[in-house]
Amino acid sequence: MANFVYFGSIFATRFKAGKDLRITDSTDAQMKAPWFIWDDKFIAAQPYNLSLTPKFLAGEKLDSGKVVSMDGSRFLCRLPVIYGNDGRMESSPDYELLQAWKTTVKPGKNFQIFARHSPSDPYIEAVNVMTSRDISGSGADEVKFLVQPTKGLPDHMFAWTGFLPVLEPLPEYSPDALVGQQVTVIMPDDTLRGELLESMDYDLLLRPSQAYQEDRLPLGRWGRWQENGDILLDRSAVVQIFPTDE
């Protein structure tokens, strides 16, 4: 039996300058979103038809993953991955998740969803979810994924392509316990990697990677470069911090 839970809210609002996609807490005005649970991941019970485009989704970092907060928990929100790095669907890190999810698709339903090509390639595909009769004669309905490249297609071609987000729960780490380790720090508009040198009441001192030091990109209000190349970060602005494999 399929296991569903309900939390958070997903909707989009349109402005003259474009569209604003909200993946956020549930409210009285918005129904809680249904999610299908498989192993340690959540996938939307059904796609959201919000007239999104591959360019918009990539701009929102949903091809690679975006940290979101929903009803008190933090998740990495992203598109499902349709292929493995070897070009086979069976090698996708989301293969078992998608196989379990498609058993919940109602017979006779045919629609299209966005998906990331593979773990190493963020190119966004359009995937047709097709329900057909099993030709073996069993009479059972079979759901197949048929991939359609999106390159060169105009935006209006994706008006009915659905957004099917995958959520991965993010563990909570205390910066105090990560001092001296290599960490990844997600800030409001940037992601930094390096050694966490010090954890203070209001700030974190990070020695960023050599490449980041060389670029010396401007920081937002949440950070300040030090003369020796370290970065002082506003602790209250940290979205997520976790250890990085060296």
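We count residues from 1, following the sequence as given. Only heavy atoms go into these numbers, but all of them, side chains included; no hydrogens, no water, no symmetry mates.
- No donor-acceptor pair under 3.5 Å is formed between the side chain of Ser73 and the backbone N or O of Met70.
- Side-chain contact between Ile23 and Phe163: present, with at least one pair of heavy atoms (C-beta onward) separated by less than 4.5 Å.
- No more than 12 heavy atoms of other residues, nucleotides or ligands sit less than 6.0 Å from atom CH2 of Trp38.
- Distance alone, capped at 3.5 Å, is enough to place a donor-acceptor pair between the Thr131 side chain and the Lys109 backbone.
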Only pairs under 3.5 Å count here: list side-chain donor-acceptor contacts from residues 84-98, not counting sequence neighbours, and write none if there are none.
{"residue": "Asn85", "atom": "OD1", "partner": "Ser120", "partner atom": "N", "Å": "3.0"}
{"residue": "Asn85", "atom": "OD1", "partner": "Ser120", "partner atom": "OG", "Å": "2.7"}
{"residue": "Asp86", "atom": "OD1", "partner": "Arg88", "partner atom": "N", "Å": "3.1"}
{"residue": "Asp86", "atom": "OD1", "partner": "Ser91", "partner atom": "OG", "Å": "3.1"}
{"residue": "Asp86", "atom": "OD2", "partner": "Ser91", "partner atom": "OG", "Å": "2.8"}
{"residue": "Arg88", "atom": "NH1", "partner": "Ser91", "partner atom": "OG", "Å": "3.0"}
{"residue": "Ser92", "atom": "OG", "partner": "Val81", "partner atom": "O", "Å": "2.5"}
{"residue": "Ser92", "atom": "OG", "partner": "Asp94", "partner atom": "N", "Å": "2.9"}
{"residue": "Asp94", "atom": "OD1", "partner": "Lys41", "partner atom": "NZ", "Å": "2.8"}
{"residue": "Asp94", "atom": "OD1", "partner": "Arg78", "partner atom": "NH2", "Å": "2.9"}
{"residue": "Asp94", "atom": "OD2", "partner": "Arg78", "partner atom": "NH1", "Å": "2.7"}
{"residue": "Asp94", "atom": "OD2", "partner": "Arg78", "partner atom": "NH2", "Å": "3.4"}
{"residue": "Asp94", "atom": "OD2", "partner": "Val81", "partner atom": "N", "Å": "2.8"}

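- Interatomic distance, Ile231 CD1 to Arg207 CZ, rounded to the nearest 0.5 Å: 11.5 Å.
- Using a 4.5 Å heavy-atom cutoff, the side chains of Ile186 and Val238 are not in contact.
- With values rounded to the nearest 0.5 angstrom, Glu125 atom CD is found 11.0 Å from Gln112 atom CD.
- Donor-acceptor pairing under 3.5 Å is recorded for the side chains of Tyr123 and Thr150.
- Residues Phe4 and Val105 fall within the same hydrophobic cluster, defined by Ile, Leu, Val, Met, Phe, Trp and Tyr side chains chained together at heavy-atom separations under 4.5 Å.
- A single hydrophobic cluster is seen to contain both Leu167 and Val5, as judged by linkage of ILVMFWY side chains at heavy-atom distances under 4.5 Å, directly or through other members.
- Atom CD1 of residue Ile124 and atom NE2 of residue His117 lie 12.5 Å apart, to the nearest 0.5 angstrom.
- Looking at heavy atoms from C-beta onward, Asn128 lies out of side-chain contact with Asn110 at the 4.5 angstrom threshold.
- Ring geometry for Phe42 against Trp35 counts as perpendicular: the plane angle is over 60°, on a 0 to 90° scale with 30° as the lower cut.
- Rounded to the nearest 0.5 Å, atoms CD (Gln181) and CG (Leu197) are 12.5 Å apart.
- Looking at heavy atoms from C-beta onward, Phe145 lies in side-chain contact with Lys102 at the 4.5 angstrom threshold.
- For Met200, the CE atom sits in a packed shell: over 12 heavy atoms of surrounding residues, nucleotides or ligands are nearer than 6.0 Å.
- Here Phe158 pairs with Phe114 under the ring pair (Phe, Tyr, Trp, His ring centres under 6.0 Å) rule; sequence neighbours left out.
- Looking at Asn3, its side chain never comes within 3.5 Å of a backbone N or O of Ile37 through a donor-acceptor pair.
- Leu206 is not listed as a side-chain neighbour of Arg193, based on a closest heavy-atom distance of 4.5 Å or more.
- Side chain of Asp203 to backbone of Leu232: no donor-acceptor contact under 3.5 angstrom is found.
- You'll find the side chain of Ile241 reaches within 4.5 Å of the side chain of Leu204, heavy atoms only.
- A heavy-atom distance below 4.5 Å is found between the side chains of Leu164 and Ile43.
- Trp101 and Tyr6 fall within a single hydrophobic cluster, where Ile, Leu, Val, Met, Phe, Trp and Tyr are joined by side-chain heavy atoms under 4.5 Å apart, directly or via other members.
- Annotation: side chain of Val183 is not in contact with side chain of Leu192 (no heavy-atom distance under 4.5 Å).
- A salt bridge is defined here as a Lys NZ or Arg NE, NH1 or NH2 lying under 4.0 Å from an Asp or Glu carboxylate O, and Arg235 with Asp176 meets this definition.
- Note on Leu170: it clusters hydrophobically with Leu196, by side-chain heavy-atom contacts below 4.5 Å among ILVMFWY residues.
- The hydrophobic cluster containing Phe242 also contains Leu178, counting ILVMFWY residues as joined when their side-chain heavy atoms lie under 4.5 angstrom apart, directly or transitively.
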Indicate every side-chain donor-acceptor pair of residues 50-63 with a distance under 3.5 Å to a residue at least two apart or in another chain.
{"residue": "Thr53", "atom": "OG1", "partner": "Phe56", "partner atom": "N", "Å": "3.1"}
{"residue": "Glu60", "atom": "OE1", "partner": "Lys66", "partner atom": "NZ", "Å": "2.8"}

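- Residues Phe7 and Phe75 place their aromatic rings such that the two centres sit under 6.0 Å apart.
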